[in-house]
Enquirer: 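Below you'll find the structure I mean.
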Number of protein chains: 2
Amino acid sequence: MRLAVEAAASIIDAEGVRAVTTRRIAAEIGYVPGTLYTHFRNLDEIFVYVNALTLKDLRLRCGSAVAGAGDANEALLALGAAYLAYAQEHPNRFELLLRRHLNENEAVPEFVQQNVDQLIALVEAQLRRLEPDADAATMENRVRALWSGIHGTSALALPRQVFTNRWQSDQSILETLIERFLTAGARDV
Amino acid sequence: MRLAVEAAASIIDAEGVRAVTTRRIAAEIGYVPGTLYTHFRNLDEIFVYVNALTLKDLRLRCGSAVAGAGDANEALLALGAAYLAYAQEHPNRFELLLRRHLNENEAVPEFVQQNVDQLIALVEAQLRRLEPDADAATMENRVRALWSGIHGTSALALPRQVFTNRWQSDQSILETLIERFLTAGARDV
DNA sequence: TTCTTTATTAAACGATGTTCAATACTGCCC
DNA sequence: GGGCAGTATTGAACATCGTTTAATAAAGAA
């Protein structure tokens, strides 16, 4: 039921994850709570679908950012900025992405994993331009490292958590991080 | 009521945040749910105290790691490793740190903010050794950037979330990130 | 002891996620 | 069209949750 997922997503955006209840979703789409359980195992599964939606949005924004940039350095800075901007504009949705609702030993569903992989592939494509000859393991390592930095900056930019950045611009912090990462790479080559 | 906070922390460690209920905490310390409300405004406030505990533990571990290291580069690598190890060993507690339970415009309580500041100060002290003449704003920016990377790697290392790292060692990713950050700095000087 | 103040309790309230038997609906065969 | 199989939806119920509050127990001072 796409309607239920979209309703959940819009409630999250507007009022936060805690405002999402089965009765609220059902009311929003003209159903009754029990109906949701014929389409989803439980409320957590709806959240997984919302996360898939979020990842797709995030990936599309990062993709546009990369497409509009020149060289690889510029593209990665733009990608990071888009990632951060998304987190800042949709803090509730981004927060849901950080939650851990999977059961022990439960794999990430493929329709979610695909979006994650594509997101990371965007970073890889640009880094590859800078280091065309790196072997797969090295490249994977560097992609993950850079992405961790981008992700960490974005996570820390979320308001209303214990980690708050009160003085500095998150954007400038992110730029420092990415530029340093790329500078170190350029030196090796 | 320290007992309540410690009980909540141990439930979180053992069974996750969702297992924490007022009735469970009360039973654990030989009280009744209502009693908690004479010491805390609500359950969220108990979580804030748990976060303060977590931050203290994390800071102490990072402090020990720095103390046992030689030069600043080594110290920062050890600090990052300690940060990551804590997240991996206490994923549920670390996850709670990422949550956003503060109300709009509500400031972080000082007893929490202090722990955050001290944690960041550990990073700053080591970075300062590398760049003794940097002005305050520049230093703050670099500290935040490096810390964002460490934090991001640790957050992504948590299991049971949509972002899972299936192939690579989180430790090696973190080392790449920190080494590149420091290499770029060394080049500037 | 008696009074005052504080700490604790038991019970209740509304709301939550989830289940399930009963009902409505739909499309198909005769 | 009429009846039927299968699916979709409902309403009501269950246990449990966070939180409140009037009543009770405990403790300390006079």
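Just so it is clear, the structure is predicted and the values come from calculations on it, not from any experiment. Only this structure's heavy atoms are used, side chains among them; waters, hydrogens and symmetry mates stay out. Proteins come first, then strands; the chains are lettered A, B, ... in the order of their sequence lines, and each starts at number 1.
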Enquirer: In whole Å, what is the span from the CZ atom of A:Arg24 to the C1' atom of C:dG17?
Expert: 17 Å
Enquirer: Considering only side-chain heavy atoms of A:His39, which listed nucleotide, C:dG17, D:dT9, D:dG18, is closest?
Expert: D:dT9
Enquirer: Between C:dT8, C:dA10, D:dT10, which nucleotide gets closest to the side-chain atoms of B:Thr35?
Expert: C:dT8
Enquirer: Only one of A:Val108, A:Leu102, A:Val116 passes side-chain contact (heavy atoms from CB on, under 4.5 Å) with B:Thr164; say which it is.
Expert: A:Val108
Enquirer: For the helix from C:dT1-D:dA30 to C:dC30-D:dG1, figure out the bend between the end axes, five pairs an end, and round to 10 degrees.
Expert: 20°
Enquirer: I need the CZ-P distance between B:Arg41 and D:dG18, as an integer number of Å.
Expert: 16 Å
Enquirer: Between A:Asn42 (CG) and C:dT18 (P), how many Å, whole number?
Expert: 5 Å
Enquirer: Determine whether the side chains of B:Asp135 and B:Thr138 contain a donor N or O and an acceptor N or O closer than 3.5 Å.
Expert: yes
Enquirer: To the nearest 0.5 angstrom, please state how far the CZ atom of B:Arg128 sits from the CG atom of B:Asp133.
Expert: 8.0 Å
Enquirer: Do any side-chain nitrogens or oxygens of A:Thr38 fall under 4.0 Å of OP1 or OP2 in D:dA8?
Expert: no
Enquirer: Report the relative orientation of the aromatic rings in A:Tyr49 and A:Phe111; use parallel for angles under 30°, tilted for 30 to 60°, perpendicular for over 60°.
Expert: parallel
Enquirer: Just the rounded figure in Å: distance from P of C:dT8 to CG of B:Leu36.
Expert: 11 Å
Enquirer: Consider the side chain of A:Thr21, meaning its heavy atoms from C-beta on, and name the nucleotide among D:dT9, C:dT16, D:dG18 that approaches it most closely.
Expert: C:dT16
Enquirer: Output the rounded distance in Å from CG (A:Leu3) to C1' (D:dT9).
Expert: 15 Å
Enquirer: Mind calculating the distance between CG (B:Leu43) and P (D:dG18) to the nearest angstrom?
Expert: 6 Å
Enquirer: Do A:Gln118 and A:Gln114 meet the criterion of a side-chain donor-acceptor pair at a distance under 3.5 Å?
Expert: no
Enquirer: Check side-chain contact (heavy atoms from CB on, under 4.5 Å) between B:Asn103 and all other residues, then give those that pass, not counting sequence neighbours.
Expert: B:Glu106
Enquirer: For the pair made of OH in B:Tyr31 and C1' in C:dT6, what is the distance, rounded to whole Å?
Expert: 13 Å
Enquirer: Take the protein atom OH of B:Tyr37 and the nucleotide atom P of D:dG18, then report the distance between them rounded to whole Å.
Expert: 6 Å
Enquirer: Could you check whether A:Arg93 and A:Asn51, counting side-chain N and O atoms only, form a donor-acceptor pair closer than 3.5 Å?
Expert: no
